[in-house]
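Data block below; observations after.
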Amino acid sequence: MSRDGLLCGFGNPLLDISAVVDDAFLKKYDMKPDNAILAEEKHIPMYKELVDTHNAEFIAGGSVQNSLRVCQWVLQRPNVTTFFGCVGNDDYAKILENKARGDGVNVRYQVSEKEATGTCGVLVTGTKRSLCANLAAANLFTPDHITKNEENFKFVENAEYYYISGFFITVSPPTIMHVAKYAAEKDRYFMMNLSAPFICEFFKDPLKEAIPYVDFLFGNESEALTFAKHCMGLETEDLKEIAMKIAQLPKTNANKKRIVIITQGYLPVLVVHNDTLTEYPVEKLEPHQITDTNGAGDAFVGGFLACFVQKKPMDVCVKCGIWAAKQIIQRSGCTFEGKPDFAC
């Protein structure tokens with residue numbers, strides 16, 4: 001049975017600015033379909049343009065926050081999850097907090113006076129989406145928010161599962177390592193997501209430092225291929241082989257064998273559990289059924305974790321993840337409504 005504060009997440013709270021655009025818009029801002037990048041100076045005008053000329057929607061976002069919102073939706077019990085991240089002191093932060101709390105997540109934001117709340121441009125072209133995150137305040141999270149705040153640290157102490165995005169590696173590796181070592185010391189689950197190919201390519205040193213502590217690694221096919229090449233030096237593009245080799249990487253907590261999950265869109269989900277690789281089929285939706293693939297990976301993790309924290313069998317957890325992703329891609333952004341019809 002789930003309880004308050006069972007799952008603790010760390011990530012970048014971002015307000016998604018989502019709009020349908022054409023290929024010319026992507027080209028204008030030097031972006032590619034189905035990719036995720038950090039905003040550079042050249043991307044900053046894009047956010048205003050999306051709002052002014054593309055009928056953009058504002059949707060509560062940020063990878064980990066999304067996963068926790070979906071997890072709470074599946075669980076139908078508030079405050080099982082706690083989320084840490086940094087926001088600005090502004091209206092965007094209020095929108096994010098109201099949305100997250102309304103979905104059952106206990107948010108414990110660090111508030112910065114130096115930067116505005118982060119935003120993420122979500123550029124939808126057909127069934128593809130391209131993400132461009134302007135982290136702003138999200139970039140300013142510090143370990144002090146948990147290590148020197150007794151009330152916040154109690155949430156870390158009380159959790160049994162910790163989930164952090166690869167995106168957070170660009171923000172606060174010290175926070176990641178603090179939580180990773182705490183989880184290993186207490187024999188609790190430390191879980192990470194590779195998040196984007198650029199993390200594996202350009203932030204490989206802090207990622208490689210964290211990997212020995214990772215009990216559970218999520219990623220999609222492009223992230224896994226990039227990780228294999230840049231962090232493991234593998235020449236193979238065989239995802240099954242890569243998944244097995246990631247599971248076998250050195251591990252700090254020998255009590256838990258590393259679990260690796262690689263999603264591949266409508267292709268089977270690859271899961272390495274107890275040194276055995278299993279493929280789980282995914283129902284392929286027709287193009288007209290797909291509204292927006294943004295948040296599909298986050299939803300998969302959220303659905304998976306909702307069952308995993310209840311200690312359900314692996315196949316149930318994976319099937320719930322697949323089910324949750326299927327629901328999200330039929331809607332705009334990482335949104336949902338009504339009661340879920342999947343029972344863990």
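Note that the coordinates shown come from a computational prediction; the quantities given were computed from them, not determined experimentally.
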Under a 4.5 Å side-chain heavy-atom rule over Ile, Leu, Val, Met, Phe, Trp and Tyr, are [X] and [Y] clustered together?
| X | Y | answer |
| --- | --- | --- |
| F167 | F203 | yes |
| M314 | I262 | no |
| Y29 | L50 | yes |
| I322 | V272 | no |
| V214 | I169 | yes |

Would you please indicate yes or no on a ring centroid separation below 6.0 angstrom for [Y] and [X]?
| X | Y | answer |
| --- | --- | --- |
| F168 | F141 | yes |
| F216 | F304 | yes |
| Y109 | H145 | no |
| F190 | Y162 | no |
| Y92 | F58 | yes |

Output, in order, the C-alpha distance, side-chain angles, deciding distance and verdict of side chain to side chain donor-acceptor pair (under 3.5 Å) for T117 and D90.
-> CA-CA 7 Å; T117 296; D90 53 31; 2.6 Å; yes
Using 4.0 Å as the upper bound for N to carboxylate O, is an ion pair formed by [Y] and [X]?
| X | Y | answer |
| --- | --- | --- |
| K229 | E235 | no |
| K181 | E185 | no |
| E49 | K28 | yes |
| K186 | E160 | no |

Closest contact, heavy atoms only, [X] versus [Y]:
| X | Y | value |
| --- | --- | --- |
| H54 | A19 | O-CB, 3.6 Å |
| A138 | L14 | CB-CD2, 4.2 Å |
| V87 | A137 | C-CB, 3.4 Å |
| A324 | V70 | CB-CG1, 4.0 Å |
| G62 | D16 | N-OD1, 4.2 Å |
| M46 | L123 | SD-CD1, 3.9 Å |

Check step by step if side chain to side chain donor-acceptor pair (under 3.5 Å) holds for D298 and S63.
-> CA-CA 6 Å; D298 301 338; S63 177; 2.8 Å; yes
Are any non-hydrogen side-chain atoms of [X] and [Y] less than 4.5 angstrom apart?
| X | Y | value |
| --- | --- | --- |
| Q65 | V105 | no |
| D4 | R77 | yes |
| T170 | F202 | no |
| H273 | I261 | no |
| Q327 | W323 | yes |
| I37 | H43 | yes |
| D91 | K94 | yes |
| F300 | S67 | no |

Nearest 0.5 Å, what's the [atom1]-[atom2] distance between [X] and [Y]?
| X | Y | atom1 | atom2 | result |
| --- | --- | --- | --- | --- |
| L305 | C71 | CG | SG | 5.5 Å |
| T119 | N134 | OG1 | CG | 4.5 Å |
| I146 | T82 | CD1 | OG1 | 12.0 Å |
| L217 | L249 | CG | CG | 9.0 Å |
| I211 | C231 | CD1 | SG | 7.5 Å |
| Q110 | D144 | CD | CG | 7.5 Å |

Tell me, yes or no, whether the heavy-atom count around [X] atom [atom1], taken from other residues, nucleotides or ligands under 6.0 Å, exceeds 12.
| X | atom1 | value |
| --- | --- | --- |
| N55 | CG | no |
| E237 | CD | no |
| K42 | NZ | yes |
| Y266 | OH | no |

Side chain to side chain contact (heavy atoms under 4.5 Å, CB included) test vs Y163 passes for just one of V179, V309, V301, T81, namely V301
Is it the case that [X] and [Y] place a side-chain donor and acceptor less than 3.5 Å from each other?
| X | Y | answer |
| --- | --- | --- |
| D187 | N253 | yes |
| N89 | E113 | yes |
| N220 | S222 | yes |
| N35 | S130 | no |
| S195 | E223 | no |
| E241 | T236 | yes |

Go through the steps for L26 and K32 under the test side chain to side chain contact (heavy atoms under 4.5 Å, CB included), then give the verdict.
-> CA-CA 6 Å; L26 289 185; K32 299 172 184 174; over 6 Å; no
For F10 and T175, what are the C-alpha separation, side-chain angles and deciding distance, and is it a side chain to side chain contact (heavy atoms under 4.5 Å, CB included)?
-> CA-CA 9 Å; F10 292 79; T175 301; 4.0 Å; yes
Under the side chain to side chain contact (heavy atoms under 4.5 Å, CB included) criterion, do D22 and T125 qualify, and how do the steps go?
-> CA-CA 6 Å; D22 56 18; T125 50; 5.9 Å; no
Flag this pair as yes if the NZ/CZ of K256 is under 6.0 angstrom from the six-membered ring centre of Y189 and inside a 45 degree cone about the axis; otherwise no.
-> yes
What do the steps show when you test K319 against V269 for side chain to side chain contact (heavy atoms under 4.5 Å, CB included), and what is the final call?
-> CA-CA 10 Å; K319 287 171 184 174; V269 177; over 6 Å; no
Examine distances only and state if a side-chain atom of D34 and a backbone atom of R129 form a donor-acceptor pair shorter than 3.5 Å.
-> yes
Please answer whether the main-chain N or O of L135 pairs with a side-chain N or O of N139 as donor and acceptor at a distance below 3.5 Å.
-> no
Test side chain to side chain donor-acceptor pair (under 3.5 Å), reference D215, set R188, K251, R258, output is K251
